[in-house]
Asks: 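One structure, pasted below without further comment.
The analysis underlying the following values was restricted to heavy atoms, covering all of them including side chains, and did not include hydrogens, waters or symmetry mates.
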Amino acid sequence: YMLGSSHPCRPDRAWPERKLLLEVQGGQWIKGRHTRGGTAFETECRKLTWYALLGYRVMLVTPKMIDDGSAIAFLESEFREGKQDAVGIL
């Protein structure tokens, strides 16, 4: 899902009707892109700020949170409020 032509980034998952985005922050244990250096971190900050200015809520999760089910639990809580099924959304 692209947020418009003026935004160069693409979220990992998006539910535009809910103004909800999901970003998986991987690589924290192997010095991945998000944790490796100042440039990558600054790019990530710019992207998250852009999402906020566009009115989106961003859920940040890690691969471990996906594996242990806690990411799904957060999403199920969000979708339960709107009576939508969250199964199979990741």
Asks: Enter the distance from Glu44:CD to Leu60:CG here, rounded to the nearest 0.5 Å.
Replies: 7.5 Å
Asks: Which atoms form the tightest heavy-atom contact between Arg18 and Arg57, and what is the distance?
Replies: O-NH2, 3.4 Å
Asks: Go through the steps to decide whether Glu78 and Leu20 satisfy the test side chain to side chain contact (heavy atoms under 4.5 Å, CB included), and finish with yes or no.
Replies: CA-CA 9 Å; Glu78 164 65 24; Leu20 177 65; 3.7 Å; yes
Asks: Thr49 side chain to Cys45 main-chain N or O, any donor-acceptor pair under 3.5 Å?
Replies: yes
Asks: With rounding to the nearest 0.5 angstrom, report the CE to CG distance, Met59 to Leu75.
Replies: 4.0 Å
Asks: State, yes or no, whether a side-chain contact exists between Phe74 and Leu22 at a heavy-atom distance under 4.5 Å.
Replies: no
Asks: Locate the shortest heavy-atom distance separating Ala14 from Leu21; write the atom from each residue and the value.
Replies: CB-CD2, 3.6 Å
Asks: Could you state the interatomic distance from CD (Glu23) to NZ (Lys47), rounded to the nearest 0.5 Å?
Replies: 3.5 Å
Asks: Which residues pass the side-chain hydrogen bond (donor to acceptor under 3.5 Å, both in side chains) test with Asp12, not counting sequence neighbours?
Replies: none
Asks: Show the nearest heavy-atom pair for residues Pro63 and Gln25, with the distance to one decimal.
Replies: CD-O, 3.7 Å
Asks: Working to the nearest 0.5 Å, report the span between OG1 of Thr62 and CG of Asp67.
Replies: 8.0 Å
